[in-house]
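In listed order, ligands and their atoms are each counted from 1. On a predicted model such as this, the values are computed, not experimentally measured, just so you know. Values below: every heavy atom of this structure, side chains too, minus hydrogens, waters and symmetry copies.
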Amino acid sequence: MDFRLSDEQELIRQTAARIAREVVAPRAAQLDETGEYPEDIYQVFKETGLLGLNFPEEYGGSGAGTLGLGLAVEEIAKVENACALMLLLTKLSTSAIMYAGTEEQKRKYGEGTATGAIRGAFALTEPGAGSDSANIQTRAVQDGDHYRITGTKQWISGGTVADFFLVATKTRPEAGSKGFTVFIVDRDTPGFRVGKTDRKMGVHGVPTCELIFDEARVPASQIVGKVHEGFKVIMWNLNSVRPIVAARGLGTAEGAIQYAVDYARQRQTFGKPIIEHQMIQQMIADVAMRIEASRWLTYHACQIVDEGHATREYAHYLSMAKAFASETAVEAADKALQMLGGNGYMMDHPTERFYRDARQLMIVEGSSQIQRLLIARAVADDLLNWR
Ligand SMILES: Cc1cc2nc3c(=O)[nH]c(=O)nc-3n(C[C@H](O)[C@H](O)[C@H](O)COP(=O)(O)OP(=O)(O)OC[C@H]3O[C@@H](n4cnc5c(N)ncnc54)[C@H](O)[C@@H]3O)c2cc1C
């Protein structure tokens with residue numbers, strides 16, 4: 001058992017930490033205030049190879065895997081969350097393609113994403129189906145060697161800038177999860193358009209938006225995996241990305257509490273720095289324990305995915321990492337804000353931004369409640385056996 005990172009992983013961490021410090025941090029408050037998509041930072045990620053971390057070398061990446069990407073995401077999330085999401089999207093939009101796609105799909109969309117030539121988004125959620133994803137209403141109807149897709153997706157991260165979309169549809173509406181088919185839809189597909197952009201609480205730098213499919217005509221060659229068997233493909237995608245959401249949570253927690261600790265060393269009340277007050281120390285210690293527990297859950301989850309186990313037998317470990325690290329981010333941001341007192345509530349300090357950004361993590365990619373359902377089910381099925 002070896003808990004140390006390799007030299008290559010340490011290098012990834014240091015590179016991402018330098019970019020976080022020099023490129024992302026100076027723009028963080030502005031991205032939050034304006035909601036501007038940071039194209040310049042995307043280009044830095046492209047030039048420094050961060051976009052390709054999760055892809056094999058033969059597809060234009062560096063082969064650093066989920067753990068390599070997780071380390072980079074953690075470092076970026078220490079200072080800003082939208083840019084961390086930008087990196088996460090490289091996996092969220094392609095994981096299913098690299099798992100179940102054709103060689104042509106892997107070349108065009110996998111390699112295209114790794115090299116920064118194109119970027120994608122993941123479209124599952126609809127107005128009537130979030131947690132209950134088997135209930136989606138978007139239909140794909142066969143029309144010769146094409147399919148016609150009709151429906152509406154909502155809250156799609158990065159949808160406003162994406163060149164392609166990984167879209168969950170139903171080809172057999174009556175069959176529930178057994179009637180799913182997943183398509184790659186190019187942005188310029190006739191019958192497809194990007195709808196309204198959402199107004200949201202945080203993570204402003206990467207907009208979320210609506211996608212509208214009105215008999216969008218897509219070739220059958222754009223199906224990922226097999227017709228009617230797309231639910232498995234979608235679950236693989238969600239499972240394999242959960243450790244990266246966890247890495248966002250871990251980085252957010254570390255960034256928020258570190259800011260507050262630095263503040264607590266300076267701020268004096270009742271004749272001493274507040275870091276010397278025991279109730280402040282308790283907050284710091286509580287968060288520190290959760291951060292270190294999150295780290296090992298997250299890195300272990302990344303390793304599970306890299307070993308090819310984003311499957312039902314191991315999915316509870318991915319759920320644990322996602323739920324625990326997301327909730328740690330919220331707790332850390334909340335405590336950090338409290339430690340700054342009134343300053344924590346003001347926009348002159350990043351703590352209120354950390355708090356708003358962290359809150360998203362408990363909802364996306366399966367809410368905390370859904371992760372607990374999955375974990376409890378795994379325990380009931382004896383997948384975790386403590387006897
Ligand atoms: C900022 C943001 C970005 C997003 N980006 C994307 C994206 O890129 N692509 C995409 O497809 N989707 C995206 N989503 C959607 C996200 O995945 C859903 O919001 C999430 O799956 C929850 O679905 P819902 O919001 O419809 O909540 P609901 O499913 O309506 O759930 C409401 C509440 O009930 C709880 N609940 C539901 N079912 C159960 C149950 N069985 N037991 C106990 N509690 C339950 C939930 O945990 C939640 O607290 C995004 C959402 C947000 C907020």
Side-chain angles (χ1 to χ4, degrees), residues 31-32 35 37 77 81-96 113 119-138 149 151-170 176-177 180 182-185 194-213 224 230-231 233-242 244-245 248-249 252 319 322-323 326-327 329-330 353 355-377 380:
L31 296 179
D32 180 52
Y37 179 81
N81 225 283
C83 293
L85 172 58
M86 222 157 54
L87 279 185
L88 178 146
L89 283 172
T90 61
K91 190 167 174 77
L92 185 63
S93 60
T94 60
S95 196
T113 303
R119 65 197 98 177
F122 172 73
L124 173 62
T125 305
E126 301 179 357
S131 307
D132 186 8
S133 53
N135 194 34
I136 59 167
Q137 300 297 314
T138 296
I149 302 178
T152 301
K153 298 290 180 182
Q154 75 174 7
W155 304 335
I156 305 308
S157 298
T160 53
V161 293
D163 300 295
F164 70 93
F165 302 86
L166 195 60
V167 182
T169 73
K170 285 270 188 73
S177 63
F180 264 62
V182 179
F183 289 84
I184 307 169
V185 178
V194 172
K196 72 175 169 63
T197 300
D198 302 299
R199 295 173 63 236
K200 56 182 176 168
M201 178 175 173
V203 199
H204 289 148
V206 172
T208 67
C209 67
E210 188 181 47
L211 307 179
I212 297 159
F213 301 82
V224 181
F231 198 68
V233 173
I234 287 294
M235 286 305 126
W236 173 277
N237 209 68
L238 289 171
N239 282 337
S240 64
V241 179
R242 279 181 187 147
I244 305 299
V245 183
R248 277 176 75 195
T252 306
S319 294
K322 194 272 169 184
S326 312
E327 291 168 20
V330 173
R353 170 169 56 80
Y355 185 77
R356 286 184 286 109
D357 288 355
R359 202 59 190 78
Q360 184 210 22
L361 301 173
M362 286 174 62
I363 300 167
V364 296
E365 292 269 332
S367 67
S368 281
Q369 288 71 35
I370 296 302
Q371 305 309 330
R372 282 178 171 77
L373 285 185
L374 296 170
I375 295 163
R377 206 173 291 159

Could you pull out the N/O contacts under 3.5 angstrom between ligand 1 and the surrounding protein atoms?
unit_1	atom_1	unit_2	atom_2	d
ligand 1	5 (N)	Trp155	O	2.8
ligand 1	5 (N)	Ser157	OG	2.9
ligand 1	8 (O)	Ser157	N	2.9
ligand 1	8 (O)	Ser157	OG	3.4
ligand 1	9 (N)	Phe122	O	2.8
ligand 1	11 (O)	Leu124	N	2.9
ligand 1	11 (O)	Thr125	N	2.9
ligand 1	11 (O)	Thr125	OG1	3.2
ligand 1	12 (N)	Thr125	OG1	2.6
ligand 1	23 (O)	Ser131	N	3.3
ligand 1	29 (O)	Ser131	N	2.9
ligand 1	29 (O)	Ser131	OG	2.6
ligand 1	47 (O)	Ser367	OG	2.5
ligand 1	47 (O)	Gln369	OE1	2.7
ligand 1	49 (O)	Gln369	OE1	3.4

Query raised in the report: Is it the case that more than 12 heavy atoms not belonging to Arg356 sit under 6.0 Å from its CZ atom?
Result: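 Yes.
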
Query - Side-chain ion pair, Arg372 and Glu327, N-O less than 4.0 Å - result: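 Salt bridge present between Arg372 and Glu327.
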
Query raised in the report: With the threshold set at 4.0 Å, does a side-chain nitrogen-carboxylate oxygen contact exist between Asp198 and Lys196?
Result: yes

Requested in this report: Test Asn81 against every option in Arg248, Gln360, Arg353, His204 by the side-chain hydrogen bond (donor to acceptor under 3.5 Å, both in side chains) rule and name the one that passes.
Outcome: Arg248

Query raised in the report: Is a donor on one side and an acceptor on the other found under 3.5 Å between the side chain of Asn135 and the backbone of Ala129?
Result: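 No, because the side chain of Asn135 does not come within donor-acceptor range (under 3.5 Å) of the backbone of Ala129.
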
Report task. State, without any angle test, whether Thr113 and Thr94 hold a side-chain donor-acceptor pair at a distance under 3.5 Å. Result ->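 Per modelled atom types, Thr113 and Thr94 side chains form no pair under 3.5 Å.
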
